[in-house]
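Numbers for residues simply follow the sequence, beginning at 1.
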Amino acid sequence: MHEAALTQGLVNILLAEAQRHQVTRITRVRLRIGKMRAVEPQSMAFCFNAFSAGTLAEHAELIIEALPAIARCDACGEDFEVIKFHFQCSGCHSRRVRLIQGDELYIESFDA
């Protein structure tokens with residue numbers, strides 16, 4: 001379960017940023033996570049509750065925005081959603097494609 005390591009790192013970043021901004025309590029955290037990261041939102045939420053317990057982020061609302069995997073075809077320029085890791089253009093069927101969205105994993109914002 002890689003969600004544990006990812007969440008521990010995210011909580012550490014949150015706490016460092018809260019300290020830097022002299023925040024005494026975090027009430028809401030917004031994450032953006034691309035589908036290619038293969039993160040289970042329920043596991044991430046469970047881990048967030050565990051790692052934030054006893055910190056100023058305890059009981060914070062966790063909002064996870066899942067971003068679809070979007071690729072762009074280098075042959076025809078079409079953007080398409082990557083389904084089940086199938087990297088083939090839905091328009092011209094070329095495999096010369098590159099991921100333009102879906103690999104993200106970051107804290108969008110947090111509320112104090």
Throw together a table of side-chain donor-acceptor distances under 3.5 angstrom for residues 4-13, partners on residues two or more places apart or in other chains.
unit_1	atom_1	unit_2	atom_2	d
T7	OG1	E3	O	2.6
N12	ND2	Q8	O	3.3

### Apart from M36 itself, residues in the same hydrophobic cluster as defined by side-chain heavy atoms under 4.5 Å
F80, V82, F85, F87, V97, L99
### Task
Keeping to residues at least two apart or across chains, list the salt bridge (Lys or Arg N to Asp or Glu O under 4.0 Å) pairs with something in residues 68-83.
R72-D79, D74-R98
### Task
Any chance you could lay out the salt bridge (Lys or Arg N to Asp or Glu O under 4.0 Å) test for R32 and E104, step after step, and finish with the verdict?
CA-CA 7 Å; R32 297 189 72 176; E104 300 83 354; over 6 Å; no
### Task
Hey, could you give me each pair passing salt bridge (Lys or Arg N to Asp or Glu O under 4.0 Å) that has a residue in residues 40-52? Not counting sequence neighbours.
none
### Summary
Hits for side-chain contact (heavy atoms from CB on, under 4.5 Å) against R28, two or more places apart or cross-chain, chain-then-number order -> R30, E61, I63, D111
### Task
Please identify each residue that fulfils side chain to side chain donor-acceptor pair (under 3.5 Å) with H86, with sequence neighbours left out.
Q88
### Task
Please tell me if the side chains of I33 and L67 come closer than 4.5 Å, counting only heavy atoms from C-beta onward.
no
### Query
Transitive ILVMFWY cluster of I70 at side-chain heavy atoms under 4.5 Å: who else is in it?
I100
### Message
Restricting to side-chain contact (heavy atoms from CB on, under 4.5 Å), what partner residues turn up for S94, sequence neighbours left out?
### Response
C73, A75, C92, R96
### Task
Report the residues that fulfil side chain to side chain donor-acceptor pair (under 3.5 Å) with E58, sequence neighbours left out, ordered by chain and then residue number.
none
Under 3.5 Å, sequence neighbours excluded: what are the donor-acceptor pairs made by side chains of residues 44-56?
unit_1	atom_1	unit_2	atom_2	d
N49	ND2	A45	O	3.4
S52	OG	F48	O	2.7
T55	OG1	S52	O	2.6
T55	OG1	A57	N	3.1

### Task
Quick one: pull up CD in Q19 and CD in Q22 and give me the separation to the nearest 0.5 Å.
9.5 Å
### Task
Might you work through the side chain to side chain contact (heavy atoms under 4.5 Å, CB included) test for V29 and E108, ending with a clear yes or no?
CA-CA 8 Å; V29 178; E108 174 73 17; over 6 Å; no
### Message
Is there a path of hydrophobic side-chain contacts, each under 4.5 Å between heavy atoms of I/L/V/M/F/W/Y residues, joining I64 to L105?
### Response
yes
### Task
Just jot down the side-chain contact (heavy atoms from CB on, under 4.5 Å) partners of H21, sequence neighbours excluded, or say none.
E17, V23
### Message
Counting C-beta onward and ignoring hydrogens, is there a side-chain heavy-atom pair between L31 and Y106 closer than 4.5 Å?
### Response
no
